[in-house]
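In what follows, a structure is listed as structure tokens, so that the remarks can point back to it.
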Amino acid sequence: MTRGRPPLLSIAAGLLCFVGLARLVWVLVGYYALEHAQRHHLETAWMIFIVAAVVAAACLPASRATGALPPNAGGAHPASMAAWIAASLLLYYPSFDIGLLSDDFVLLAQSPVGTDWQFFRPLPLTVWELVHPVAGAAGLHMMNAALHGLNAFLLYRLSARLLVHAPRIQSVAAAVIFLTFPAAVEPVTWIAGIFDVALVTAALLYVNALLTRSQGVSVPALLALTAALLCKETAVVLPAVGWTLRFVTPAHVGTLVWSTAIAATFAAVRTIVSQPPEITAPLGYFVKEMLSRPFATLGTPFTAMELTQAPILFGVIPQLVIATLVALYLFHRRHGLRPLLPASWILLGVAPLLSYFFISETLQGSRYLYLPLVGWSILVAQLSDAGDNRYLRIGGALLVCIMVWYGLAGTVRHQSPWAVASATRDAVLLDAQRAITARGCEAATFADLPDSVEGAYVFRNGFAEAARQAGVRVATSDAAPAGCTFTWREGRFVATPADSDPRTK
């Protein structure tokens with residue numbers, strides 16, 4: 001049976017959604033085609049459209065749900081897991097030889113436990129110490145890609161449990177969207193992204209364990225939560241994610257209580273032993289960013305340069321695909337308000353970041369969206385499920401195929417700057433050796449090092465450690481010998497003007 005609603009209320013809800021969609025389309029055309037709208041107008045339009053869609057979903061009658069899957073559906077066969085991992089390795093194969101970049105050098109040089117309690121992430125660093133001596137940087141890149149594939153498999157299993165009114169194809173869709181998401185390149189391609197990738201692995205193990213029927217406290221869930229906390233501090237939100245499951249499916253209360261206690265204790269200790277985050281802008285600004293920026297970037301996972309070069313291709317079409325998915329969902333409402341569950345995970349995933357959350361126009365910082373990407377992938381899969389309506393079902397499948405095609409093309413495209421960053425790193429280290437040899441310096445200082453290439457980090461950090469590995473001795477700025485201070489200019493190191501002649505010292 002369907003839930004009845006007064007016809008007038010249904011008409012009003014439909015009109016509200018139409019107004020929100022019209023506003024979104026108008027801003028998309030203005031921003032990407034006519035070039036007179038600002039990006040904050042786009043974000044505002046998205047918020048208007050989403051709010052209108054939620055209100056309409058609450059007012060319009062819901063369709064009857066059919067075809068529930070068994071609670072433990074999800075395809076746990078090892079061959080399925082191997083297939084997802086192999087797909088990820090194939091997709092990210094071009095990045096296996098880029099080596100270490102920026103923070104990678106610093107992290108490999110320090111103890112797994114470290115001395116900075118603000119970034120206490122010992123589990124991935126311990127694994128690094130085991131893998132790097134055996135497999136080198138290529139092994140660490142392969143590990144990131146393999147974990148990304150494992151995450152897609154775990155997401156497939158989770159989706160099969162949550163999307164109880166959807167055919168299994170929707171679970172596959174969620175996992176493929178996750179696997180091919182173009183803004184996931186930073187955490188998967190950059191070795192230092194292991195913190196986010198490993199966090200999501202543990203998080204998915206935790207949520208899957210919560211959904212496994214158990215009479216008592218789930219020890220696997222608590223172990224997965226502990227592992228997540230040792231990967232990255234963002235894991236403190238996982239108990240909140242677990243509590244949201246209570247709205248749609250049973251989750252053991254005892255396990256959730258213990259999870260909350262563990263996360264709260266961890267957060268309290270971290271607060272005591274580390275410095276609080278520095279607030280560099282009004283709190284309202286950060287709140288606005290955390291409410292709008294995740295959805296804006298997930299909806300448009302492309303750089304500003306790509307949007308400028310092809311505004312219709314990279315801007316209008318992907319966002320209209322998502323808007324059409326939402327409109328498609330409003331026609332059948334197969335899941336009721338259940339899509340609000342994964343949507344809430346997007347906001348929960350960025351909640352602990354506060355002043356740290358930032359995504360640049362080159363997608364630097366997109367690693368912060370790796371955990372929210374779990375919720376986004378499930379949300380899109382739910383929106384695409386049109387139930388028994390053949391035409392809407394075909395339409396939803398086509399829209400998902402478009403998103404996956406964009407994802408594959410974007411993932412391959414976004415790996416290119418990292419290869420350029422790798423070549424830039426080699427050029428910097430090689431020219432540093434040339435510069436000190438030409439000037440007869442035993443040690444030197446180097447300034448204005450290349451920070452990044454189209455969002456791919458080069459030497460924002462880690463130059464001293466990288467130079468040491470390359471046999472280049474770096475001096476402190478106040479201990480540099482005369483004539484041995486160099487600045488990176490137009491692809492090579494040149495002596496600074498004051499050092500051009502050693503006799504000027």
Side-chain angles (χ1 to χ4, degrees), residues 43 46-47 50 54 147-148 151-152 154-156 158-159 162-163 173-188 190 193-208 225 228-229 231-245 263 286-302 318-319 322 325-326 338-360 363-383 403 406-407 410-411 414:
E43 295 172 354
W46 264 113
M47 292 300 102
I50 293 300
V54 170
L147 284 177
H148 183 57
N151 291 343
L154 293 173
L155 178 60
Y156 165 65
L158 175 62
S159 301
L162 289 180
L163 305 180
V176 173
I177 290 170
F178 179 90
L179 184 72
T180 61
F181 191 69
V185 169
E186 181 181 277
V188 180
W190 189 26
I194 184 63
F195 302 114
D196 297 274
V197 177
L199 162 64
V200 169
T201 303
L204 288 168
L205 289 171
Y206 170 74
V207 177
N208 273 292
L225 173 63
L229 291 169
C231 289
K232 192 172 182 180
E233 55 279 0
T234 312
V236 294
V237 303
L238 293 184
V241 171
W243 282 107
T244 64
L245 293 173
F286 289 117
V287 173
K288 186 272 293 183
E289 283 291 293
M290 296 171 71
L291 288 175
S292 62
R293 188 68 63 183
F295 290 99
T297 306
L298 290 168
T300 312
F302 301 100
Q319 296 190 56
I322 298 170
L325 280 172
V326 176
R338 291 172 69 97
L340 293 180
L341 173 67
S344 71
W345 293 359
I346 296 172
L347 298 177
L348 287 173
V350 299
L353 298 172
L354 194 59
S355 61
Y356 293 109
F357 181 69
F358 176 74
I359 300 174
S360 74
L363 294 183
Q364 282 190 350
S366 56
R367 62 188 181 277
Y368 298 136
L369 289 179
Y370 194 72
L371 178 58
L373 179 58
V374 172
W376 174 258
S377 303
I378 297 175
L379 173 62
V380 172
Q382 280 186 318
L383 296 179
M403 292 188 68
Y406 267 95
T411 297
H414 290 172

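Each residue takes its place number in the sequence, starting with 1. Quick caveat: nothing in here was measured; it's all calculated off a predicted structure.
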Quiz item: Which heavy atom in Gln382 sits nearest to a heavy atom in Pro342, and how many Å separate them?
Solution: OE1-CG, 3.4 Å
Quiz item: Among Ile346, Ile359, Asp196, Leu363, whose side-chain contact (heavy atoms from CB on, under 4.5 Å) with Leu369 holds?
Solution: Ile359
Practice problem: Dump the intermediate steps for side chain to side chain contact (heavy atoms under 4.5 Å, CB included) on Leu158 and Leu154, then the final yes or no. | Solution: CA-CA 6 Å; Leu158 175 62; Leu154 293 173; over 6 Å; no
Quiz item: Tell me, do Pro294 and Pro372 make a side-chain contact under 4.5 Å, heavy atoms counted?
Solution: no
Quiz prompt | By side chain to side chain donor-acceptor pair (under 3.5 Å) - contacts of Thr244 (at least two apart) | solution = Trp345
Quiz item: Can you name the nearest heavy-atom pair linking Leu155 to Ala175, along with the distance?
Solution: CD2-CA, 4.2 Å
Self-check item: Derivation and outcome, side chain to side chain contact (heavy atoms under 4.5 Å, CB included), residues Leu371 and Val237
Solution: CA-CA 10 Å; Leu371 178 58; Val237 303; 4.3 Å; yes
Quiz item: Of the non-hydrogen atoms in Gly299 and Ile322, which two are nearest, and what is the gap between them?
Solution: CA-CD1, 3.5 Å
Exercise. Kindly indicate whether the side chain of Phe302, heavy atoms from C-beta on, has any atom under 4.5 Å from the side chain of Tyr406.
Key: yes
Self-check item: Atom pair OG/CH2 of Ser366 and Trp190 - distance to nearest 0.5 Å
Solution: 10.0 Å
Quiz item: Under 3.5 Å, is there a donor-acceptor pair between the side chain of Ser377 and the main chain of Ile177?
Solution: no
Quiz item: Does some side-chain heavy atom of Phe181 sit less than 4.5 Å from a side-chain heavy atom of Leu298?
Solution: yes
Quiz prompt | Inter-residue atom distance Thr297.OG1 - Leu373.CG, 0.5 Å rounding | solution = 12.0 Å
Quiz prompt | Atom of Gly349, atom of Thr234 and distance for their closest heavy-atom approach | solution = O-CG2, 3.6 Å
Quiz item: Looking only at atom types and distance, does a side-chain atom of His414 sit under 3.5 Å from a main-chain N or O of Val185, one as donor and one as acceptor?
Solution: no
Self-check item: Heavy-atom pair with the smallest gap, counting every atom of Leu238 and Tyr206
Solution: O-CE2, 3.5 Å
Exercise. May I ask you to decide if the ring planes of His148 and Tyr370 are parallel, tilted or perpendicular, using 30° and 60° as cut-offs?
Key: tilted
Exercise. Please report the shortest heavy-atom distance between Leu229 and Ala263, naming the atom on each side.
Key: CD1-CA, 4.4 Å
Quiz item: Okay, side chain of Ser344, backbone of Leu341: is any donor-acceptor separation there less than 3.5 Å?
Solution: yes
Exercise. Please round to the nearest 0.5 Å and tell me the distance separating atom CH2 of Trp376 and atom CZ of Phe178.
Key: 14.5 Å
Quiz item: Would you find a donor on one side and an acceptor on the other, under 3.5 Å apart, between the side chain of Ser360 and the backbone of Gln364?
Solution: yes
Quiz prompt | Check: Phe195 and Arg367 side chains under 4.5 Å, non-hydrogen atoms | solution = no
Self-check item: Heavy-atom donor-acceptor pair, Thr411 side chain to Thr180 backbone, under 3.5 Å
Solution: yes
Practice problem: Please check if the side chain of Glu186 supplies one atom and the backbone of Gly365 the other of a donor-acceptor pair under 3.5 Å. | Solution: yes
